[in-house]
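In the text below, chain A, chain B and the rest are named by the order of the sequence lines, each starting its count at 1.
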Protein chains: 2
Amino acid sequence: MSESERARGVRTWTIGELAGEFEVTPRTIRFYEDQGLLAPQRIGTQRVFHERDRVRLALVLRGRRIGFSIEEIRRIVDMYDAEPGEAGQLRYLLDQIAVRRAQLTQRAADIAATLAELDEVERRAREDLAGLTRPTPRRGRATRPQP
Amino acid sequence: MSESERARGVRTWTIGELAGEFEVTPRTIRFYEDQGLLAPQRIGTQRVFHERDRVRLALVLRGRRIGFSIEEIRRIVDMYDAEPGEAGQLRYLLDQIAVRRAQLTQRAADIAATLAELDEVERRAREDLAGLTRPTPRRGRATRPQP
DNA sequence: AGCGAGATTGACGTTTACGTTAAGGTAAGG
DNA sequence: CCTTACCTTAACGTAAACGTCAATCTCGCT
């Protein structure tokens, strides 16, 4: 944080600070800039990240966690600050939104199904584990703790 | 389907049939076999896929849609048919389950947040679109259809 | 026996998403 | 002024997940 920044309330970040905060490498952030996902201010050659850049990076990383490619992420984040534009553009945007929504809904269903199956596997594992630590407590036979 | 299969009720599939059904290429299925995710029966050199192979492929593709790597998918599907094994193994399995669950929960949250934002973008887009097709219906002024 | 559709195993190519040097520039503190 | 810590571009490297040939082989049918 520079002197003048601490004076007013306009916090900025260096590439390293953002990298640390979001647990990615600076290389990753530069790569995203290369791909047009970020466009931080420059002072000389140095990058200066403002709050909106931070938000955008968070969006990008969320897209990444969801499993979207850079190209798909680009399209999504571009939606956020699209100019109102003309009717054709808006209809295209609405189409894109429908596509993304379908993808996300599918992924959500996949995740729910997988979570349910994890529950089942865990239940069986706990059963097996109980059957190992306690000696064969089959058919409801009570097992008293060892004295 | 072969003669004897149609006679009894034990439907099997060729690689091409499965590929068509799941909309992947045969190459993809062979790759998954190479990676140990599938192990179809062989008759001579030809692969014969049974119901359990089909189920397994579905699991693998679901993992892929969720965004897991082949390695992660392998660990997950291996959980399903893990032998009860010893206590140490079971505890490791429970650990793995916890890890996967955390990942999946994070992804689910990301998806929910993204869906919410898509809703918001769509709402704005529809507003803008309405403002374009109807001529500037500002401040509640009624807009009559053109004669 | 011959044909065409689809199957097989290599083996090399491609794209994505960064990692990893190399070779320096810069700002703050002592 | 010197060090230390961090920043810069440029360029090459790489692991994952297949795609894309090439060169057979095999089934089912006529």
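A:R91 has no carboxylate O lying under 4.0 Å from a charged side-chain N of A:E86, or vice versa, which leaves the two without a salt bridge. Salt-bridge annotation for A:E33 and A:R42: present, with a side-chain N of the basic residue lying under 4.0 Å from a carboxylate O of the acidic one. A:E127 and A:R124 are not joined by a salt bridge, as no carboxylate oxygen comes within less than 4.0 angstrom of a charged side-chain nitrogen. Between A:E72 and A:R75 there is no salt bridge, since none of the side-chain N atoms of the basic residue sits less than 4.0 Å from a carboxylate O of the acidic one. Residues B:R56 and B:D78 are paired through a salt bridge, judged by an N-O separation under 4.0 Å between the basic side chain and the carboxylate. A salt bridge links B:E120 with B:R123: the closest approach of a Lys/Arg side-chain nitrogen to an acidic carboxylate oxygen falls below 4.0 angstrom.
A straight line from CG of A:L61 to C1' of C:dA17 spans 13 Å, rounded to a whole angstrom. Taking atom CD1 of residue A:I29 and atom P of nucleotide C:dG19, one finds them 11 Å apart after rounding to whole Å. The interatomic distance linking A:L18 (CG) with D:dC7 (C1') rounds to 14 Å, in whole Å. The separation between B:I66 atom CD1 and D:dA17 atom P is 15 Å, rounded to whole Å. Rounded to whole angstrom, the span from the CD1 atom of B:I70 across to the P atom of C:dA17 amounts to 16 Å. Rounded to whole Å, atom C1' of C:dT16 lies 12 Å from atom CD of A:E72. Following rounding to the nearest Å, B:D34 (CG) and C:dG10 (P) show an atom-to-atom distance of 10 Å. Following rounding to the nearest Å, A:E17 (CD) and D:dA5 (C1') show an atom-to-atom distance of 13 Å.
Minimum atom distance to the side chain of A:R42 is reached by D:dT8, of the listed C:dC18, D:dT8, D:dG19.
Note on B:R47: only backbone sugar-phosphate atoms sit closer than 4.0 angstrom, heavy atoms only; bases stay farther off.
Under 4.0 angstrom from either OP1 or OP2 of D:dA17 there lies no side-chain N or O belonging to B:Y32. Of the side-chain N and O atoms in A:T14, one or more sit less than 4.0 angstrom from OP1 or OP2 of D:dC7. Distances shown here put a side-chain N or O of B:T28 below 4.0 Å from the OP1 or OP2 atom of D:dG19. Checking the phosphate oxygens (OP1, OP2) of C:dA17, no side-chain nitrogen or oxygen of A:R64 falls inside 4.0 Å.
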Below 3.5 Å between N/O atoms, which protein atoms pair up with nucleotides 25-29 of chain C? Just atom names and distances, please.
none

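Position along DNA chain C of the nearest nucleotide to A:Q35 versus B:R30 favours B:R30 as the more 5'-ward residue.
Judged by distance alone with a 3.5 Å cut-off, a donor-acceptor contact links the side chain of A:R27 to the base of C:dT20.
Between the side chain of A:R54 and the backbone N or O of A:L18 there is no donor-acceptor pair closer than 3.5 Å.
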